[in-house]
K.L.:
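The structure under discussion is supplied below as structure tokens; questions concerning it will follow.
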Amino acid sequence: MTRSACFITLEGLDGAGKSTHIPWIEDRLRRAGVDLLSTREPGGTPLGETLRELLLHQPMDLRTETLLMFAARNEHWRTRILPALERGQWVLCDRYTDASFAYQGGGRALGAAPVRILEDWVQQGRGPDCTLLFDVPLEIARERLTRGREQADRFEREDAAFFERTRQAYHARVAADPSRFRVIDARREIADIRAELGGILDELLHARGYGTAAGEPDPS
Ligand code: TYD
């Protein structure tokens, strides 16, 4: 079976714990023989990282915020993600367009329609093959966030109602496209979450022609 590329995104509220699992996911995929681009949004390119600084710390109008998210995304998508997928690499991206639906569309109450227009314009019908949504109740996300942080950014400083709307908007995304999403109950112990993630990654690997045994190249 010919091997093929896969675009995986990670989503969830700030404090859901996604960053705890990223190095483990990267390692698991690389050990299965995947040539992996691991990246993040906003960011992922020199321009995108500059925009990230502004987005996280500079007060701005909501439309400006949304446009800058997509400006960073367009640069990232066209210059890094799409070329990588076309070369057959896998891409693991910490947040992508679902975050714009959740945070700008939901949290900031912009609504989904403008985000959908920008998504269509930038991505032209292409997007992630699989999205892992790290889902936790609001109280747990906030508790983890305040424990781990010295200085909160513009999003992390938002109130509980903002994050409730954000979480609901994530769930609306899942309801609209259930086959793309895997909702991970991120309240559990790290080992239990990893066991579930391992199963999901094995399925993705298998479907794209990769053996799942660590370090074993596919003989075909
Ligand atoms: P995050 O990636 O969680 O970084 P860290 O773990 O270093 O804090 O933070 C990025 C923030 O950007 C997060 O609060 C969500 C927000 N965001 C949006 O509001 N819209 C988007 O489209 C994206 C990609 C991120």
Side-chain angles (χ1 to χ4, degrees), residues 6-22 25 40-42 62-63 65-67 69-70 72-74 76-77 81 85 90-145 155-156 158-188 192-204 206-208:
C6 187
F7 180 20
I8 304 170
T9 57
L10 305 171
E11 298 285 355
L13 296 184
D14 297 88
K18 107 193 124 46
S19 41
T20 307
H21 298 286
I22 291 173
I25 295 173
R40 68 169 180 182
E41 292 212 352
L62 169 56
R63 287 174 195 229
E65 178 180 296
T66 308
L67 288 166
M69 288 290 177
F70 272 94
R73 179 161 303 130
N74 182 65
H76 194 201
W77 172 243
I81 298 177
L85 294 170
W90 285 38
V91 178
L92 180 68
C93 192
D94 181 1
R95 298 192 184 282
Y96 199 62
T97 306
D98 294 306
S100 298
F101 280 99
Y103 282 78
Q104 282 68 52
R108 298 228 195 274
L110 178 69
V115 181
R116 198 166 290 123
I117 290 168
L118 293 169
E119 178 188 40
D120 288 345
W121 189 52
V122 168
Q123 295 164 231
Q124 302 185 325
R126 287 201 62 180
D129 300 302
C130 177
T131 299
L132 306 175
L133 175 61
F134 290 82
D135 191 41
V136 284
L138 208 56
E139 311 74 61
I140 297 184
R142 289 177 76 76
E143 205 270 317
R144 288 181 184 167
L145 200 60
F155 297 98
E156 292 164 349
E158 288 294 339
D159 62 11
F162 172 93
F163 285 104
E164 197 52 61
R165 288 192 298 275
T166 303
R167 187 172 183 220
Q168 278 170 16
Y170 268 131
H171 282 280
R173 297 292 291 159
V174 176
D177 193 1
S179 62
R180 172 166 64 88
F181 279 93
R182 298 304 185 94
V183 181
I184 313 288
D185 177 354
R187 284 173 304 187
R188 294 169 300 165
D192 295 339
I193 296 172
R194 284 189 181 163
E196 183 178 359
L197 289 174
I200 295 168
L201 297 177
D202 285 352
E203 264 179 54
L204 294 173
H206 184 73
R208 285 163 181 77

K.L.:
What is the minimum heavy-atom distance between L85 and C6, and which atoms define it?
P.N.:
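Minimum heavy-atom contact is CD2-O, 3.8 Å.
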
K.L.:
List the atom of G106, the atom of A169, and the distance in Å for their closest heavy-atom pair.
P.N.:
CA-CB, 3.8 Å

K.L.:
Run the numbers on H171 and F181 for side chain to side chain contact (heavy atoms under 4.5 Å, CB included), then give the verdict.
P.N.:
CA-CA 10 Å; H171 282 280; F181 279 93; over 6 Å; no

K.L.:
Considering all heavy atoms of both residues, which atom of R167 and which atom of P137 are nearest to each other, and what is their separation?
P.N.:
NH1-CA, 3.6 Å

K.L.:
Atom OG1 in T66, atom CD in Q104: separation rounded to 0.5 Å?
P.N.:
4.5 Å

K.L.:
Any idea which heavy atoms bring P128 and R180 closest together, and the distance?
P.N.:
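Scanning both residues, the minimum pair turns out to be O-CD, 3.2 Å.
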
K.L.:
Let me confirm one number: the CG-CH2 distance from L201 to W90, rounded to the nearest 0.5 Å.
P.N.:
7.5 Å

K.L.:
Does the E11 side chain pair with the main chain of Y96, one donor and one acceptor, at a distance under 3.5 Å?
P.N.:
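Side chain of E11 to backbone of Y96: a pair is present.
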
K.L.:
Are R108 and E158 close enough for a salt bridge, meaning some N to O gap below 4.0 Å?
P.N.:
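Salt bridge: yes.
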
K.L.:
Evaluate the side chain to side chain contact (heavy atoms under 4.5 Å, CB included) criterion for residues R116 and E119: first the C-alpha distance (whole Å), next the side-chain angles of each, then the deciding distance (0.1 Å), finally the verdict.
P.N.:
CA-CA 5 Å; R116 198 166 290 123; E119 178 188 40; 4.2 Å; yes

K.L.:
Check the orientation of F162 and F155. Use parallel for under 30°, tilted for 30 to 60°, and perpendicular for over 60°.
P.N.:
tilted

K.L.:
Give me the ring orientation class for H21 and F134: parallel if the planes are under 30° apart, tilted from 30 to 60°, perpendicular past 60°.
P.N.:
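Rings of H21 and F134: parallel, as their planes differ by under 30°.
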
K.L.:
So which atom in E196 and which in V183 form the shortest heavy-atom distance, rounded to 0.1 Å?
P.N.:
OE2-O, 4.0 Å

K.L.:
Could you measure the distance from the CG atom of D94 to the CD1 atom of I25? Nearest 0.5 Å is fine.
P.N.:
9.5 Å

K.L.:
Can you measure from CD1 (I184) to CG (D135) and round to the nearest 0.5 angstrom?
P.N.:
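That separation rounds to 9.5 Å.
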
K.L.:
To check you understand the geometry: which heavy-atom pair defines the closest contact between A175 and P178, and what is its length?
P.N.:
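The answer is O-CD, 3.5 Å.
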
K.L.:
Within the side chain of R165, is there an N or O that forms a donor-acceptor pair under 3.5 Å with the backbone of A160?
P.N.:
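Pair absent, no side-chain N/O of R165 close to backbone of A160.
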
K.L.:
Are any side-chain N or O atoms of R73 and backbone N or O atoms of P42, one a donor and one an acceptor, separated by less than 3.5 Å?
P.N.:
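No, R73 side chain to P42 backbone: no donor-acceptor pair under 3.5 Å.
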
K.L.:
Once rounded to the nearest 0.5 Å, what's the spacing between atom CD of E156 and atom CZ of F163?
P.N.:
7.0 Å

K.L.:
Name the residue from T9, D177, T97 that meets the side-chain hydrogen bond (donor to acceptor under 3.5 Å, both in side chains) definition with T131.
P.N.:
T9

K.L.:
Are any non-hydrogen side-chain atoms of L118 and L67 less than 4.5 angstrom apart?
P.N.:
yes

K.L.:
Could you grab the distance from atom OG1 of T20 to atom CZ of R194, nearest 0.5 Å is fine?
P.N.:
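Reported value, rounded in 0.5 Å steps: 8.0 Å.
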
K.L.:
For Y103 and D14, what are the C-alpha separation, side-chain angles and deciding distance, and is it a side chain to side chain contact (heavy atoms under 4.5 Å, CB included)?
P.N.:
CA-CA 11 Å; Y103 282 78; D14 297 88; 2.6 Å; yes

K.L.:
Give a yes or no answer on whether the side chain of R63 reaches the backbone of L110 with a donor-acceptor pair at less than 3.5 Å.
P.N.:
no

